[in-house]
Amino acid sequence: MFEVKQTEEMLNKTFRLPQSLLEELTKVAEHEHVSVNNLVRQCCEYALANMKAEK
């Protein structure tokens, strides 16, 4: 059965990215059938989860 789930609150924030990076992100998002916003969010979450621990 379909169940509606609450999602985390989403906020707007503007970031400036180099054109070449945005073009690459756009290509990947199109290939994976997701929005650029969704891809960037996932990339940030992955990067944060896989950062080296501070000594």
Side-chain angles (χ1 to χ4, degrees):
M1 174 176 272
F2 177 75
E3 183 178 333
V4 178
K5 297 179 182 177
Q6 297 294 322
T7 59
E8 185 176 344
E9 180 183 9
M10 302 293 274
L11 302 173
N12 288 327
K13 186 72 176 175
T14 301
F15 294 95
R16 298 183 189 279
L17 301 173
Q19 182 177 351
S20 58
L21 178 57
L22 185 54
E23 288 171 354
E24 189 171 354
L25 288 167
T26 300
K27 287 179 187 176
V28 171
E30 288 174 354
H31 182 265
E32 297 296 327
H33 306 289
V34 297
S35 68
V36 173
N37 186 74
N38 188 324
L39 177 62
V40 170
R41 180 184 54 79
Q42 291 183 58
C43 288
C44 291
E45 289 173 346
Y46 179 84
L48 290 171
N50 292 282
M51 287 178 63
K52 290 183 181 177
E54 290 187 30
K55 295 180 180 181

**Study point:** ILVMFWY clustering at 4.5 Å (side-chain atoms), partners of Val28
**Key:** Leu17, Leu21, Leu22, Leu25, Val34, Val36, Leu39, Val40
Check your understanding: Sequence neighbours excluded, which residues qualify as side-chain contact (heavy atoms from CB on, under 4.5 Å) partners of Gln42?
Key -> Asn38
Review point. Residues sharing Leu48's hydrophobic cluster, by side-chain heavy-atom contacts under 4.5 Å among ILVMFWY, directly or via others?
Key: Met51
Revision key, fill the gap. By side-chain hydrogen bond (donor to acceptor under 3.5 Å, both in side chains), Glu45 pairs with (sequence neighbours left out) Arg41
**Study point:** Any residue meeting side-chain hydrogen bond (donor to acceptor under 3.5 Å, both in side chains) with Gln19, in chain and number order, not counting sequence neighbours
**Key:** Glu23
Practice item. If you link ILVMFWY side chains whenever their heavy atoms are less than 4.5 Å apart, which other residues fall into the same cluster as Leu11? By chain and number, please. Key: none
